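Throughout, protein chains are lettered first and strands after them, A, B, ... in sequence-line order, and every chain is numbered starting at 1. All values derive from a computational prediction rather than experimental measurement.
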Amino acid sequence: MLERDVLVVGAGPAGLAASIEAAKAGADVLLVDLNMKPGGQLFKQIHKFFGSSAHRSGTRGFDIGKMLLDEAEKAGVEIWLQSTVIGAFPGNLIAIEKGIDGGEKEVITLKSKKVIIATGASENVVRFKGWTTPGVMGAGAAQTMINVNHVKPGNKIVMVGSGNVGLIVSYQLMQAGCDVVALIEAAPKIGGYAVHAAKIRRAGVPIYTKHTVVEAIPGEDGTVCKVVIAEVDDKFQPIPGTEKEIEADTVTIGAGLKPATDMVKLEKCRLTFNGPFGGFIPLHNDKMETSKKGVYVAGDATGVEEANTALEEGRIAGISAVESLGLIEPKEAEKMRIEIWKRLEALRMGPFGERRQIEKNNILAEYEEKVVAAVEMD
Amino acid sequence: MAEYFSDDMIVCRCEEVTVAEIKEAIRQGAKDVVGVKRRVRAGMGLCQGRTCEKMVQQILAQELGAKPWEVGTSSARPPIRPISFGDLANGVVE
Amino acid sequence: MALINTGYLEYEELSQIQKLPSDERYAKGPVAVIECVQEIPCNPCEAACRFGAIHIGDPITNLPTCSHDKCTGCGVCVSKCPGLAIFIVNKAYSENTATVAFPYEYMPTPEKGMEVTAVNRKGEEVCGAKVVNVMNPAAFDHTPVVTVEIPKEYADEVRSIKRL
């Protein structure tokens, strides 16, 4: 039976950071990811990151990805690509469908002392007439097409959603040579950073707040050729008579993300619902440990945020896992965690961050209330 | 404007389940995501509800006048990703 | 605030949030105009300035402030700002013209001497412009800083050019 100290699921910023911390402390770490390359969403991020110097801000996302991969390699992290966890069973057993050369797969059972779940998030969909028409896709999917596969999704894009994803991907679509003919936002305000909005306004992209897409109309070839938008009322319902037709061949939807919790559910970790963090998420404590002992979480799977917070949470999960293996002293681990939580607090400040700090505190408190109290009662 | 939100709109692409079918499942007694899934297979296809779950939750919340957390989320059991019979039949490498 | 509804600010609105260079400072030559108006966790501009002109401090969500007397208008911060929100304005370029330097990350990169169309914060065409400088060293990490010459009266308005 294959055995490892730590299994990390998902090789994005959280999973890589967790793997690095655990391997640096001397643990045998296996990192699995279903994609062909590690790095998660980092290699799609061709823009310079925000944050502090401690987070290598001002550096482009894919360069941060390269640095992390180097670090992981140096630390001795074993990485399986095109590999997926398909089951978790009693006795710390995990079934993994492992990608092997030539596109073949084999199913391997692994006994892992600790498991860190960093499965990220998936895109939300908005439902409108014709949303299943070819040419309608997630903003993240469009970003993968241009920045990873170097293929334009179309030439005339209507972007739905003015969060940072919608704004940044609009900018990158123009860098790739597409025209963004409209950005639609149902709320009365732009959701993402003003500086991101400002740079696409400078490039001439019209931003329609209080608007929604009501229909994507296919042309003769069956793909999108026109998009109908309309103004919405205070309850986000389209106002009849305000429809406007826009010529476009692609609709990209940046309507937020939801945490990917399949693996968390498989491990039967206790979930809680948190709207601002994107839906159902695993309860966890300040060590990033879930209600199931030895199972840790980090990154967007614990609530949708951004790469820097994912990295820091990953570090905490990695440190806590090796602490429980006895590879680092509890005192030392606690010291490291306090430092990281301080940096996380700095990232969760200001008008865009303070809500997430409040929600994070609520989650930690709920863990104390429901998980710790339940254990004490046993 | 109502024509834009007609009930024949597809919600679960993998299993081709419409709004009307989900509403019918709710009329038959489905109270949460799992209930809808069992009755009409929404979320049982290739993507395992990654695309449609949120929309199913919205329809449930709207029809039942429930809060988002009251309509639940789908359960997960192995295998959580589609896997070929061949790989399974080749047995488990230990 | 217009910004969160429309995505751009007029110069007057900007001046209520950020301390902008005085007329006296503008008269002395190139100076950084920081159009960063929200408290987001970000501070690379502070480390980028080797003259110590930009200050953020702790917490990193503070808005940057620029000591315009220390600023030489070198343009390094323009390339470092992840929000592409810093510009160098030189109202003393010539008797009738000014220059505006801005980050430009689209392909192709403009070349010195090119005649281009200057646009304002809304992307509207303002006037013709001439590219007088393109800085794109390795240290700028693929964020070229393009300087255009424009009639002086548009110096507070022009912030980019129409894509080539």
Checklist line | R159(C), part contacting chain A, at a heavy-atom distance under 4.5 Å | finding: both
Next item on the list: Report the option among A85(C), G83(C), P82(C), C36(C) that has the most heavy-atom pairs separated by less than 4.5 Å from atoms of chain A.
Entry: P82(C)
Item checked: Close side-chain approach of E105(C) to Y171(A), heavy-atom, < 4.5 Å -> yes
Check: Taking H196(A), E185(A), K210(A), K199(A) one by one, which has the highest count of heavy-atom pairs under 4.5 Å against chain C?
Finding: K199(A)
Checklist line | Option in M107(C), E124(C), H142(C) with maximal non-hydrogen atom pairs under 4.5 Å from chain A | finding: H142(C)
Note to self: For K37(A), I'd like to know if atom NZ has over 12 heavy atoms of other residues, nucleotides or ligands within 6.0 Å.
What the structure shows: no
Note to self: Are there over 12 heavy-atom neighbours, none belonging to K130(C), within less than 6.0 Å of that residue's NZ?
What the structure shows: no
Next item on the list: Using non-hydrogen atoms and a 4.5 Å limit, figure out which bit of E125(C) sits close to chain A: side chain, backbone, both or neither.
Entry: neither
Notebook entry, point to check: If you measure from OG on S160(C) to CZ on R201(A), what distance do you get to the nearest 0.5 Å?
Noted result: 13.5 Å
Notebook entry, point to check: Are more than 12 heavy atoms from other residues, nucleotides or ligands located less than 6.0 Å from atom CG of D233(A)?
Noted result: yes
Next item on the list: Could you pull out the closest heavy-atom pair between P44(C) and G58(A), with the gap in Å?
Entry: CG-N, 4.0 Å
Checklist line | Per-residue contact mode, F49(A) against chain C (heavy atom under 4.5 angstrom) | finding: backbone
Item checked: For F50(A) against C42(C), the heavy-atom pair lying closest together -> CD2-SG, 3.3 Å
Next item on the list: Hey, could you give me the CG/OG1 distance between L347(A) and T61(C), rounded to the nearest 0.5 Å?
Entry: 10.0 Å
Note to self: Does E111(C), at its CD atom, have more than 12 non-hydrogen atoms belonging to other residues, nucleotides or ligands within less than 6.0 Å?
What the structure shows: no
Notebook entry, point to check: Relative to chain C, which segment of D63(A) carries a heavy atom at a distance below 4.5 Å: side chain, backbone, both, or neither?
Noted result: side chain
Note to self: Out of E39(C), K80(C), K162(C), return the one with the most heavy atom pairs under 4.5 angstrom to chain A.
What the structure shows: E39(C)
Check: Given that the side chain runs from C-beta out, which part of N62(C) has a heavy atom under 4.5 Å from chain A: side chain, backbone, both or neither?
Finding: neither
Check: Could you state the interatomic distance from OH (Y8(C)) to CD1 (I207(A)), rounded to the nearest 0.5 Å?
Finding: 10.5 Å
Check: Who wins among P351(A), A176(A), G353(A) for the most heavy-atom pairs under 4.5 Å with chain C?
Finding: P351(A)
Margin query: Rounded at 0.5 Å granularity, tell me how far CD in Q38(C) sits from CZ in F352(A).
Written below: 4.0 Å
Next item on the list: Considering non-hydrogen atoms only, spot the tightest contact between I60(C) and A346(A) and give its length.
Entry: CG1-O, 4.3 Å
Margin query: Under a 3.5 Å cutoff, is there a donor and acceptor pairing between the side chains of R60(A) and T143(C)?
Written below: yes
Next item on the list: Identify which part of K122(C) has an atom lying under 4.5 Å from any heavy atom of chain A, answering side chain, backbone, both or neither.
Entry: both
Margin query: Is any side-chain heavy atom of R202(A) closer than 4.5 Å to one of I161(C)?
Written below: no
